[in-house]
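Values reported hereafter were calculated over all heavy atoms of this structure, with side chains retained and with hydrogens, waters and symmetry mates removed.
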Amino acid sequence: MKEINSAEFEKEVLQADKVILDFYSTECPPCEALASKFEDLSKLYGNDVTFLKIFRQQNRELADKLGVKSSPTLLFFNKGQEVAGRLTGGIKRSDIIRNLDSMLPAERVTEIRSRIRSTVSEFDVIILGAGPGGLTAGLYLCQSKINTVLIDIALPGGHVSTTHEVSNYPGFIEPQAGYMLSHNMSEQTKLCGTIYKVAVDITRVDLEKKEVVIDEYETIKAKRIIIATGTTPNLTGAPGEKELKGKGISYCATCDAKYYNDKEVIVIGGGNSAVEESEYITRFVKKLTIVHQFDKLTANKQAQDKVLKNPKINIMFESEPRAFIREGDKIVTEVENVKTKIKQKIASDGVFIFIGMKPNIDLFRDKLELDQWGYIKTDEDMRTSIRGVYAVGDVISKKYRQITTAVSDGTIAAMAISKEME
Ligand SMILES: Cc1cc2nc3c(=O)[nH]c(=O)nc-3n(C[C@H](O)[C@H](O)[C@H](O)COP(=O)(O)OP(=O)(O)OC[C@H]3O[C@@H](n4cnc5c(N)ncnc54)[C@H](O)[C@@H]3O)c2cc1C
């Protein structure tokens, strides 16, 4: 593995055979998450592909010329031609391997794969999920000198990292940008010494044995497991939703509202998320229509008051989406009044869906006691029905799902574990 600069790009990349080039930055958590995977893979693939790193901040002109807009970005070159598709953000080991393999003959790939050795490491506690619940548990455990590993399929932060503003997390007078709040939580836990394995594939979880296999070959064992895997947004299930997801249908206002400047959008839902995010989206759009299945909004009163007074927002009560259809630049939402059964078509530039969440428990669904909605049941110390397995945050059965309640659960689980391990 070698570090290059812009002056060396021509010789080291364009005139070379097979190259993987990592544009990285400092103070960049996803770059840190990538570094160990990059180094590890350079040992495996280094005879066939040259592994290069380039510091983006000091080589801005080249980055701009190549259209590199975020760090880290991995580019793949074969005889001077860019190939295999760029990788950016929380880059998984499996994605890099897929791209590297696509540059090599099949028999060589088989030979390299045969050299991959399984590894086993041991910790006191494994935390699955690095949202506020998992990060807080990690912080408390680390401060109690309990050897802890935090594993996440994405980058740390959970839902907070994509929430545009958080105004109800105590300790801050002004509303905090969600990505900043989650960044600070994550850095605090990491600086304490908790080990991070993020942007990984979870191959297998054995709650009884307290074993997690990541990226196929890495087994992590522990004495306790904390499940902090949170929730995923529900889909409406209406035809066209899956096809238009990311192509006009969005589940994240922070991520996508800015692309609807002076446009018209529809929001499906009427709970806290739908109402709060609608208020935010109106910073950009000229008109927003909320489609809500009940005759009243179900969000808290303060949030309701804001949207009801907002002149850009129109609300269709007792209505549900029946289909989403792309027509040119527009998305046509077929909306049915659940009482009258009358259907109408509303054209908009985009649709945001905020209709609740489902718990992320697919890897351990059958083994834990769950409530009727599929959330994990715990006792007051966050213990689940399996000995030594705890669960915290939005994934557990409870009434209120907030950052503060996730943080509280994480604290309780960590303190209970610390006590047990004394
Ligand atoms: C749009 C929106 C706005 C919100 N606004 C606010 C607000 O203003 N104030 C407030 O208090 N709350 C707000 N909330 C709620 C708050 O974000 C959640 O209650 C909180 O993030 C829950 O934390 P958590 O750690 O339980 O889960 P999450 O934040 O969901 O984090 C779960 C983590 O687990 C990871 N994961 C998932 N599956 C696996 C797996 N199999 N293995 C390993 N890792 C996995 C995910 O990648 C994620 O990082 C909002 C939620 C949304 C969706």
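- The two atoms that bring Gly269 and Ala274 nearest to each other are C-CB, 3.4 Å, heavy atoms only.
- Inter-residue side-chain proximity for Leu21 and Leu74 is flagged as unmet; no heavy-atom pair is nearer than 4.5 Å.
- Tyr375 is not listed as a side-chain neighbour of Val395, based on a closest heavy-atom distance of 4.5 Å or more.
- In Arg204, the CZ atom is not crowded: 12 or fewer heavy atoms of neighbouring residues, nucleotides or ligands sit closer than 6.0 Å.
- Taking the side chain as every heavy atom from C-beta outward, Ile20 and Leu52 never approach each other to under 4.5 Å.
- In summary, the side chains of Gln402 and Asn168 do present a donor paired with an acceptor at a separation below 3.5 Å, with no hydrogens or angles considered.
- Of all heavy-atom pairs between Gly240 and Ile249, the closest is O-CD1, 4.3 Å.
- Side chains of Asp152 and Ile127 form no contact here, defined as non-hydrogen atoms less than 4.5 Å apart.
- Within the 4.5 Å cutoff, side-chain heavy atoms of Ile202 are placed close to those of Leu128.
- Using a 4.5 Å heavy-atom threshold, the side chains of Thr194 and Leu139 count as separate.
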For this session: Starting from the C-alpha separation in whole Å, work towards a yes-or-no answer on salt bridge (Lys or Arg N to Asp or Glu O under 4.0 Å) for Lys286 and Asp262.
Result: CA-CA 5 Å; Lys286 68 172 181 227; Asp262 222 21; 5.3 Å; no

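- A pairwise comparison of heavy atoms in Val198 and Lys37 identifies O-NZ, 2.9 Å as the closest pair.
- In this structure the side chain of Glu336 never reaches within 4.5 angstrom of the side chain of Glu320, judged on heavy atoms.
- Shown here is Lys18, whose NZ atom has more than 12 heavy atoms of other residues, nucleotides or ligands within 6.0 Å.
- The two atoms that bring Lys92 and Ile153 nearest to each other are CE-O, 3.1 Å, heavy atoms only.
- Interatomic distance, CD1 of Ile54 versus CD of Glu3, reported as 8.0 Å (0.5 Å rounding).
- Closest of all the heavy-atom pairs between Tyr196 and Ser186 is OH-O, 2.8 Å.
- Contact annotation: the side chain of Ile151 approaches that of Val149 to within less than 4.5 Å [non-hydrogen atoms, C-beta and beyond].
- The heavy-atom pair separating Gln293 from Val338 by the smallest distance is O-CG2, 4.0 Å.
- Checking Thr236 against Glu241 by side-chain atom types alone, a donor-acceptor pair falls below 3.5 Å.
- For the 3.5 Å distance criterion, the side chains of Ser161 and Ser182 fail to qualify, holding no donor opposite an acceptor.
- Looking at Tyr390 and Asp381, their side chains never bring a donor and an acceptor atom within 3.5 Å of each other.
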For this session: Run the numbers on Thr73 and Arg86 for side-chain hydrogen bond (donor to acceptor under 3.5 Å, both in side chains), then give the verdict.
Result: CA-CA 7 Å; Thr73 298; Arg86 294 179 179 188; over 6 Å; no

